[in-house]
Amino acid sequence: MSENSTPTNFIRQIIEDDLASGKHSRIHTRFPPEPNGYLHIGHAKSIVLNFGVAEDYQGQCNLRFDDTNPHKEDEEYVEAIKEDVRWLGYEWAGLYFASDYFEQLYQFAVELIEKGKAFVCDLSAEEVREYRGTLTEPGRESPWRNRSVEENLDLFRRMREGEFEDGARTLRAKIDMAAPNMNMRDPALYRIRRGAVHHQTGDAWCIYPMYDFTHPISDALEGITHSLCTLEFEDHRPLYDWVLDNISAPCHPRQIEFARLNLEYTVMSKRKLTQLVNEGHVEGWDDPRMPTIAGLRRRGYTPASIRDFCNRIGVTKSDGTVEMGVLEAAIREDLDRRAPRRMAVLHPLKVVITNYPEGQEERLSGPNHPKDETMGSRELVFSREIWIDRADFREQANKKYKRLITGGEVRLRNAYTIICEEVVKDDEGNIVELRCTYDPDTLGRNPEGRKVRGVIHWVSAAAGVPAEVRLYDRLFSVPAPDGEKDRPFQDFLNPDSLKTVQAVVEPSLAQAEPGDRFQFEREGYFCRDTASKELVFNRVVTLRDSWGGG
RNA sequence: UGGGGCGUGGCCAAGUGGUUAAGGCACCGGACUUUGACUCCGGCAUCGCAGGUUCGAAUCCUGCCGCCCCAGCCA
């Protein structure tokens, strides 16, 4: 996989220092999604970071499902996530579930209780909230905080046995109710979820460990050296360290936080993406307009382009919003290099070449790539009647318009030059057909003594193949759809995010396989849709266009 | 008004006291061109603000200002 190299970042520097100082002799990372939804481009940033770092330093990276909340999770998501990670080009060293550690986690909780570092609390959720205090006022200690070790042990065992109802009790860490960091105010370690059926452990458990307790221990059990997570967990780091400092942990991974990805013209939160799907604004999680990995894949993005994008945006602690242009540039660069060129007319306008013999068909050849002969060529069919795009003709225009005008001459890409002699209109004045003449001496060489205005693409009317083409644009019409506090993000949906046209494509495209990508010359990059039986092409991205208009 | 973070060109981002302040995207010129693409050449910042330390500061100190995160028995 030829790819742009990975720039350094503060996390890689930490790793290099740890390797240089001998703190670690090999590095081990992990990508720890909760299987409660589909992965999106933001997850890709984390995946590329974690797996990329492991790859570059000859280390390993695990895929671990953080499945401690049975209410929200489902097996469907674990399969989808595995597929997405693989598709991005990575293979995990180990595949784990936090639920694999439930028994060990339980024993570590017992250890905490025995050390007097955890207690069973009978406060209700609402009471806990009251006792917690506020950002500026310290909290109060739970009246159950000083139960004996024996009583705590007994109660915790009975929690596990299923003796108590959901919400009746929790196991809490005994830290400091006056801590300025809210996470240290005796956080919950275990809660009761009796009715739940866990996708991995079934009904084996009715108490479930919290993230803050599970994560550091899972990391330690797997020998993770650097536990990379996003900025919102910065405040949890003291708790992460507290847990490992107070149990007999095999090692103490270092948690390092980086900024999550924000992308313009889209939303990234699971909640909002779910709304887009459930409210019918898109067709599903893999709708080509979605920022999900599945959506990008169906749109036609390549794994390499997404990896490249993640490397281009870097890894820091400052949270910014990346322009769509960066993602688009990454896929354009990749596809420019590898996508075969084809011709497709998106808004067909009939052209009759009056001096071309009726019934005659000619086989022409077009290179698959203008700069890479090794990609070969494909056959084109030329005939008396062809289609060109309506946007490539104007009855009159100034010199800057490098397309066809009445009386003007243009080159038909990979074929002859034509001059428009006559415009045929219907009763309402709409242009329905152009009558042109061609110059038989211009195949593969320029006409003598004159210069054509430009080059336009075309497809034989006789041999062209009908196809549906879906022109995708950004999902939202403003850069930060969720930036407005008192307006729902749905207000900013782009009504033109999808335009479907009935196009005519060159014959060779009839053989395109689902997932095949092409450049439709002068239009953009397209990918044959993988979810349609018919010949449907999704526009991945337009070509860069430096033309001001005119 | 508690705590934790962040502030380098339009966007992302290198930079770790001595460099003309990398690079990418975008943008603006120009060359090339059977894709208004690609490619190629050129242009495009004094580092949130104000003080201070130093021969020398984006890099150190102080004080402001702005933005983000935290009061789930979510992750």
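All chains are named by letter (A, B, ...) in the order of the sequence lines, taking the proteins before the strands, and each is independently numbered beginning at 1.
Ring-base stacking between Tyr211(A) and rA75(B) is not satisfied when judged by a centre separation under 5.5 Å and a plane angle under 30°.
You'll find a donor-acceptor pair under 3.5 Å spanning the side chain of Gln519(A) and the base of rU35(B), going by distance alone. Side chain Glu137(A) to base rG2(B): no donor-acceptor pair is found below 3.5 Å.
Taking the side chain of Arg341(A) as heavy atoms from C-beta on, and the options rG4(B), rU35(B), rG2(B), the nearest nucleotide is rU35(B). Checking rA75(B), rC73(B), rA37(B) against the side-chain heavy atoms of Arg544(A) singles out rA37(B) as nearest. Here the nucleotide nearest the side chain of Met182(A), chosen from rC11(B), rG2(B), rC73(B), is rG2(B). Nearest nucleotide to the Gln13(A) side chain, out of rU16(B), rA14(B), rG36(B): rU16(B). Side-chain proximity of Glu521(A) to rU35(B), rC74(B), rC25(B): nearest is rU35(B). Taking only side-chain atoms of Ser318(A), from C-beta outward, the nucleotide of rG7(B), rU35(B), rG72(B) with the closest atom is rG7(B).
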List every contact pair, protein side and nucleotides 66-69 of chain B side both N or O, where the distance is under 3.5 Å.
residue	atom	partner	partner atom	Å
rC68(B)	O2'	Asp319(A)	OD2	3.4

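Across all strands, Met343(A) comes closer than 4.0 Å to no nucleic acid atom at all (heavy-atom distances). Using a 4.0 Å heavy-atom cutoff across all strands shown, Leu135(A) reaches at least one base atom of the nucleic acid.
Rounded to whole Å, the distance from NZ on Lys317(A) to C1' on rG5(B) is 7 Å. If you measure from atom CD1 of Ile313(A) to atom P of rC12(B), you get 11 Å, rounded to the nearest angstrom.
If you find the closest nucleotide of RNA chain B to Arg169(A) and to His369(A), the one lying nearer the 5' end belongs to His369(A).
Between Arg332(A) and rC25(B), a side-chain N or O to OP1/OP2 separation shorter than 4.0 Å is absent. Taking only side-chain nitrogens and oxygens, Arg191(A) comes nearer than 4.0 Å to OP1 or OP2 of rA75(B).
Phe526(A) has its side chain within reach of Val469(A): a pair of non-hydrogen atoms, C-beta onward, lies under 4.5 Å apart.
Taking the syn range as angles within 90° of 0, the glycosidic angle of rG72(B) is syn.
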